[in-house]
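A note on names: the letters A, B, ... follow the listed sequences, proteins ahead of strands, and every chain is numbered from 1.
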Number of protein chains: 2
Amino acid sequence: MITMKQIAAETGVSVSTVSLVMNNRDQGRVKPETSRAIRRTAERLGYRPNPMARSLRTSRTGMLGFISEEVATTPYAGAIIKGAQDAASSLGYVLLTVSTDGSDRESDQIQALNRYGVDGFLYAKMYDQMVDLPAPLRSRPSVVVNAQEARNRCPSIAPDEFLIGYDATRHLIDSGCRRIAYLGTTQDLPAQTDRRRGYQAALLEAGLPDDPGLVCNVGFNQEALDAVNALMDRTSPDGFFCFNDSRSFYIYQAAAARHLSIGRDISLVGVDNHQVMAETTAPRLTTVELPHYEMGYWAARKLMDLIGDSDAATLPWPETLAPLPPIDAEEPVRIHCQLIAKDSTRADR
Amino acid sequence: MITMKQIAAETGVSVSTVSLVMNNRDQGRVKPETSRAIRRTAERLGYRPNPMARSLRTSRTGMLGFISEEVATTPYAGAIIKGAQDAASSLGYVLLTVSTDGSDRESDQIQALNRYGVDGFLYAKMYDQMVDLPAPLRSRPSVVVNAQEARNRCPSIAPDEFLIGYDATRHLIDSGCRRIAYLGTTQDLPAQTDRRRGYQAALLEAGLPDDPGLVCNVGFNQEALDAVNALMDRTSPDGFFCFNDSRSFYIYQAAAARHLSIGRDISLVGVDNHQVMAETTAPRLTTVELPHYEMGYWAARKLMDLIGDSDAATLPWPETLAPLPPIDAEEPVRIHCQLIAKDSTRADR
DNA sequence: CTGAAAGCGCTAACAC
DNA sequence: GTGTTAGCGCTTTCAG
């Protein structure tokens with residue numbers, strides 16, 4: 001590791017001058033040619049500042065604390081982390097990650113992050129829910145990811161659940177479906193109620209009846225499969241909007257048993273049903289993507305903004321958020337869901 | 001943040017004495033009662049050392065760099081991270097994570113980690129493969145996770161692929177299956193060849209014929225499904241060993257179309273088929289778990305050992321690695337696969 | 001046994 | 001314009 005001292009010696013100036021130049025505080029304070037000389041040797045020697053030493057004076061480390069629960073079980077954490085990571089690293093920040101499964105260890109972990117001097121916190125959840133920001137975070141820059149802060153104590157970013165239901169149903173309608181079933185969950189989640197509201201809104205708007213017999217909320221296993229079988233026998237829908245992967249999977253099984261082909265005989269829009277269909281191609285098989293990457297990205301950007309990093313504003317929004325895809329695609333299409341950002345404009349775009 | 005200076009002032013001693021005591025270097029150097037007094041005020045004030053300041057002198061930060069590619073797409077990264085995390089945090093270490101998708105950014109990321117002064121590196125891959133440890137890591141303590149270092153430049157930990165095939169097949173045999181199919185992948189992976197060898201070994205050992213007609217390597221989509229359908233029509237196996245999630249899924253579809261029930265009519269052992277069956281319960285539906293968590297844990301432990309932390313030896317091995325489960329379970333069972341650790345005894349146990 | 005002093009790499013007043 | 005100085009929190013000789 002090469003230090004300012006060495007640059008100073010090499011260039012024949014003092015350390016403070018080097019410091020001024022390296023921090024771009026040399027406007028009108030250091031003679032331009034001195035500046036240039038310093039920059040050149042810094043370049044030549046491959047100087048990189050030592051963040052630790054710097055933090056001792058500035059109490060800013062360039063590290064963001066990333067707190068998430070149950071990282072282990074879901075694929076989504078990775079995507080969120082990656083998004084946050086990308087935003088962070090393009091501004092020279094770095095992520096200090098901890099996962100907290102046992103709830104009591106959470107405050108220990110936060111302690112640890114604080115000792116390491118993180119500049120702020122990303123508090124991520126694995127599914128959209130109401131959360132209380134942990135007390136130790138309330139006095140520090142924090143952003144909630146994939147959830148909503150109950151008392152609006154800090155910015156947060158989460159999927160627009162209503163729009164998910166609306167877009168998915170709309171997509172099925174536009175593909176020609178007329179009897180569209182909603183296969184939801186029996187769990188009491190904001191996502192469940194809001195997506196269903198979106199589903200109904202789309203039906204109404206299209207002048208289609210909102211037939212309660214087409215709504216089916218199921219749990220797991222045989223019981224769920226039985227319910228789906230009953231639904232199909234009773235109402236023979238031509239399109240399905242599925243709450244998640246496992247729900248899509250029941251449709252798959254029921255359809256196979258009836259020798260119905262997804263995409264040919266019936267259409268299906270599932271939320272995040274990546275796993276089930278990762279390697280399947282079929283028309284009229286549609287995935288609503290939960291934009292975990294984008295949420296992570298947005299949150300990190302917002303956090304750096306909160307911290308006071310003026311460069312945060314210059315960060316581009318990742319291009320992956322596209323408008324609704326064409327409906328007649330031969331390949332499975334992906335609907336990118338919108339986000340709701342609290343405390344600022346809608347996802348800032 | 002409360003500092004040594006404050007403790008010194010409060011106790012009426014000098015900072016250096018406090019330092020000695022807090023680092024447990026006070027044996028026979030500091031009067032026991034002074035030590036006790038210092039410890040008491042430290043306790044009372046809730047003193048925690050500042051790792052940044054310490055690292056300035058010792059050039060040890062207590063941070064481990066975690067490098068992984070394609071974190072975004074797979075659920076496994078999370079599990080590995082969590083394992084590493086848990087091992088690390090129980091010794092007071094913390095994880096600095098970076099993900100490198102673009103290959104050229106990798107060295108930048110490593111640079112960044114180095115500037116932050118990480119004590120060593122975990123280099124994780126998303127599937128078992130041969131890797132070359134990146135050059136900048138070769139001179140630093142490093143451990144390869146879920147892959148094998150081509151030139152044995154550093155310790156590594158990876159699943160025992162042969163044993164996966166053997167255990168899975170053995171499990172099917174023990175459950176009464178006699179015509180066991182292997183549904184593999186057409187990709188050229190070490191996992192594919194080794195698992196298949198294990199499959200054959202188990203058959204031979206049980207005196208069952210190794211019928212090539214029962215081995216079926218497929219790619220994706222309709223083509224794969226067709227192959228599976230053909231396989232079932234041709235040989236009607238009573239048990240399946242599936243390479244991964246998507247392969248299991250094809251069996252599911254083919255079975256449903258024949259009104260066969262997994263668990264009742266046919267048995268299935270799939271590797272890591274968590275996603276497909278996460279919420280399914282059925283007897284004779286078995287998952288071979290790839291112990292990502294354990295690999296992360298082992299690797300972090302090994303790394304801290306490499307770094308020279310003597311406490312690393314005291315870390316317990318996580319209990320989750322259990323022996324083969326009973327075969328007549330009513331619930332789906334999980335087979336925990338064994339690990340192969342290079343450069344030390346087999347997974348240290 | 002304990003404290004004074006130097007220094008890790010860097011920043012920020014304040015002189016010159 | 002540039003250098004001197006002090007100090008962030010901690011460790012580590014070295015005196016006493």
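- C:dC8 atom C1' lies 14 Å from atom CE of A:Met4, rounded to whole Å.
- Heavy-atom distances under 4.0 Å link DNA chain C to no residue of residues 28-43 of chain A.
- Between B:Arg54 and D:dG9 there is no side-chain N or O to OP1 or OP2 distance below 4.0 Å.
- For the pair A:Asp119 (side chain) and A:Gly62 (backbone), a donor-acceptor distance under 3.5 Å is present.
- What separates CG of A:Leu56 from P of D:dT11 is a distance of 12 Å, to the nearest Å.
- The closest side-chain donor-acceptor pair between B:Thr11 and B:Thr41 falls under 3.5 angstrom.
- Note: CZ (A:Arg48) to P (C:dC10) measures 12 Å, nearest angstrom.
- Here the P atom of nucleotide D:dC8 and the CZ atom of A:Arg115 are 21 Å apart, to the nearest Å.
- Place A:Thr58 and A:Lys5 on DNA chain C by their nearest nucleotides, and A:Lys5 ends up nearer the 5' end.
- The base of C:dG7 is paired with the side chain of B:Arg57 by a donor and an acceptor separated by under 3.5 Å.
- Using a 4.0 Å cut-off, some side-chain N or O of B:Tyr47 falls inside it from OP1 or OP2 of D:dC10.
- Summary of helix geometry: the two end axes of the helix from C:dC1-D:dG16 to C:dC16-D:dG1, each defined by five base pairs via their C1' atoms, are inclined to each other by 50° (rounded to 10°).
- With 3.5 Å as the limit, one finds a donor-acceptor pair spanning the side chains of B:Tyr123 and B:Glu106.
- In this structure the side chain of B:Thr17 reaches within 4.5 angstrom of the side chain of B:Ile38, judged on heavy atoms.
- For residues 13-26 of chain B, proximity to DNA chain C is found at B:Val13, B:Ser14, B:Ser16, B:Thr17, defined as any non-hydrogen atom under 4.0 angstrom from a strand atom.
- A:Asp305 and A:Arg301 are not joined by a salt bridge, as no carboxylate oxygen comes within less than 4.0 angstrom of a charged side-chain nitrogen.
- Inspection of the B:Asp309 and B:Tyr93 side chains reveals an N or O donor paired with an N or O acceptor under 3.5 Å.
- Residues B:Arg140 and B:Asn114 meet the side-chain proximity criterion, which asks for heavy atoms closer than 4.5 Å.
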